[in-house]
Undergrad: 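Sharing a structure with you now.
Excluded from the calculations below are hydrogen atoms, water molecules and symmetry mates; all remaining heavy atoms, backbone and side chain alike, are included. Quick note: residue numbers are just sequence positions, from 1. First listed ligand is number 1; within each ligand, the first listed atom is number 1.
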Amino acid sequence: MRKLINHAKSLQGKLTIPGDKSISHRSVMFGSIAEGETRITGFLRADDCLNTIKVMRQLGIQIHDNGDEIIVEGRGMNGLRPSKEILDVGNSGTTIRLLSGLLAGQSFTSVIAGDNSLNKRPMQRVIAPLEQMGAKISGDKDSEFPPLTIEPINELHAIEYEMPVASAQVKSAIILAGLQAEGETVVIEKEQSRNHTEEMLQQFGGSLQIDDKVIRIKGGQTLRGQRIEVPGDISSAAFFLAAGLIVPNSEILLENVGMNETRSGIIDVIKAMGGDITIDMRENRISADITVRTSQLKATTIGGSIIPRLIDELPVIALLATQAEGITVIKDAEELKVKETNRIQAVASQLNHMQANIIETEDGLIVHGGTPLAGATVDSFGDHRIGMMLQVAALLVKEDVFLKEAECVNISYPTFFDEVLNLTGTAG
Ligand code: S3P
């Protein structure tokens with residue numbers, strides 16, 4: 001249990017946002033199956049991505065960290081080696097799902113497991129398409145949950161697959177398997193989800209065809225090691241964007257925030273809510289320096305195709321909505337139920353403990369705005385994004401706020417609490 005930083009009179013200053021989690025995972029995985037060396041700067045050294053490094057090492061890849069760069073000595077598509085030990089990916093859904101695609105076509109057995117939260121997350125969504133491609137994968141409880149056992153096969157074959165859920169993890173698993181399959185694999189997305197796998201595949205010299213929501217990828221391609229610069233994670237920046245908007249007398253500059261179009265839905269929402277936000281794109285056209293200032297926000301409705309573009313930001317957007325004028329409706333977001341915890345339930349129950357007025361629905365939340373928040377003991381349920389959202393909420397509260405399982409922030413943002421303290425001007 002941790003006593004959170006509360007009652008901030010103002011947040012002032014700047015901070016550099018740590019590396020993008022999704023891109024960090026992929027940089028190490030693609031680096032491993034490429035030929036030659038990959039050098040990665042800006043890699044996110046947080047538990048989830050360190051687990052990806054750990055399991056790729058178990059699979060025979062040499063990976064070094066010289067403090068500046070992560071260096072991956074790629075061994076090509078057929079260079080992975082069996083691990084004697086279980087591949088324990090901890091809390092990381094991205095690692096288990098992408099790795100399933102990567103290991104589905106290998107000629108050895110692998111077992112992938114995770115922590116208590118991960119072991120409750122649905123895996124049929126990756127197992128079903130991979131089995132159609134000829135993979136042999138079984139999980140716990142009718143193959144719904146990890147641990148997953150992936151057995152050796154001769155070769156995968158291409159499929160055409162219409163995805164029933166909008167999920168970049170599922171899409172990526174199929175693309176990674178498609179790279180090893182005979183023929184051309186076609187993936188049809190339900191809604192466009194984050195496209196880091198498609199971008200990175202091309203960066204590593206691979207090719208795929210993208211036509212709106214239809215992706216085609218040929219098997220048997222050779223990838224080559226690259227230099228990768230990981231931009232800051234907009235999903236981590238989101239907590240400070242929100243804090244700067246709702247804590248009085250604040251102005252925060254967030255440096256190097258990744259601005260990929262498939263991820264930047266929160267910026268659209270902040271603008272729709274009337275937030276004071278300035279975006280200065282960097283020369284690389286990939287990231288931006290963003291300034292936010294305290295704003296009187298108004299309610300909005302969030303649903304449809306924007307949802308995958310801000311799925312991880314919805315907990316902190318719900319917090320913003322508690323401080324806006326009017327009623328905000330979040331819909332089409334049933335995927336929130338199968339994240340690190342059930343985020344619909346977690347957001348509503350924990351913010352309501354702090355005197356918010358939020359109603360859970362089947363596919364989202366109805367948030368009544370203009371509610372002052374109050375002290376409470378709240379629970380992150382071990383979910384990093386719930387924990388960080390609750391710390392931002394605590395900044396508005398006069399009374400003490402205590403957070404259970406606060407150490408979960410290490411999953412994606414180990415320096416999070418230090419950064420909050422620095423901005424309050426009371427550090428050291
Ligand atoms: C991710 C995809 C999203 C997101 C997760 C990271 C990725 O999950 O919520 O934090 O890196 O591909 P889904 O694919 O389940 O939507």
Undergrad: Say whether S22, considering both its backbone and side-chain N or O atoms, lies within less than 3.5 Å of an N or O atom on ligand 1.
TA: yes
Undergrad: Looking at non-hydrogen atoms alone, which of R125, R343, E313, R26 comes nearest to atom 12 (O) of ligand 1?
TA: R26
Undergrad: Quick one: do K171 and E189 make a salt bridge, cutoff under 4.0 Å?
TA: yes
Undergrad: I need the atoms of ligand 1 closer than 4.0 Å to a non-hydrogen atom of A168, numbered in the order shown.
TA: 12 (O), 14 (O)
Undergrad: Could you say whether the N/O atoms of S167 and ligand 1 ever approach to under 3.5 Å?
TA: yes
Undergrad: Heavy-atom distance under 4.5 Å between the side chains of I53 and F43, does that happen here?
TA: yes
Undergrad: Would the distance check show the side chain of R97 and the main-chain N or O of M123 forming a donor-acceptor pair, the cut-off being under 3.5 Å?
TA: no
Undergrad: Salt bridge or not for R26 and E199, using N-O below 4.0 Å?
TA: no
Undergrad: Inspect the contact between D20 and R194 and indicate whether a charged nitrogen and a carboxylate oxygen are less than 4.0 angstrom apart.
TA: no
Undergrad: Would you say ligand 1 has an N or O under 3.5 Å from any N or O of E335?
TA: no
Undergrad: Give me the nearest non-hydrogen protein atom to atom 1 (C) of ligand 1 as residue plus atom name, then the distance to 0.1 Å.
TA: Q169 NE2, 3.5 Å
Undergrad: Applying a 4.0 Å heavy-atom criterion (strictly less than), which segment of R194 is in contact with ligand 1: side chain, backbone, both, or neither?
TA: side chain
Undergrad: Less than 4.0 angstrom from a charged side-chain N to a carboxylate O is my criterion; do D312 and R343 meet it?
TA: yes
Undergrad: If you measure from atom 13 (P) of ligand 1 to every heavy atom of K339, E340, R385, R263, which option wins on shortest distance?
TA: K339
Undergrad: Give me the residue, atom name and distance of the protein heavy atom closest to atom 10 (O) of ligand 1.
TA: D312 OD2, 2.7 Å
Undergrad: Which heavy atom in Y413 sits nearest to a heavy atom in A46, and how many Å separate them?
TA: N-CB, 4.2 Å
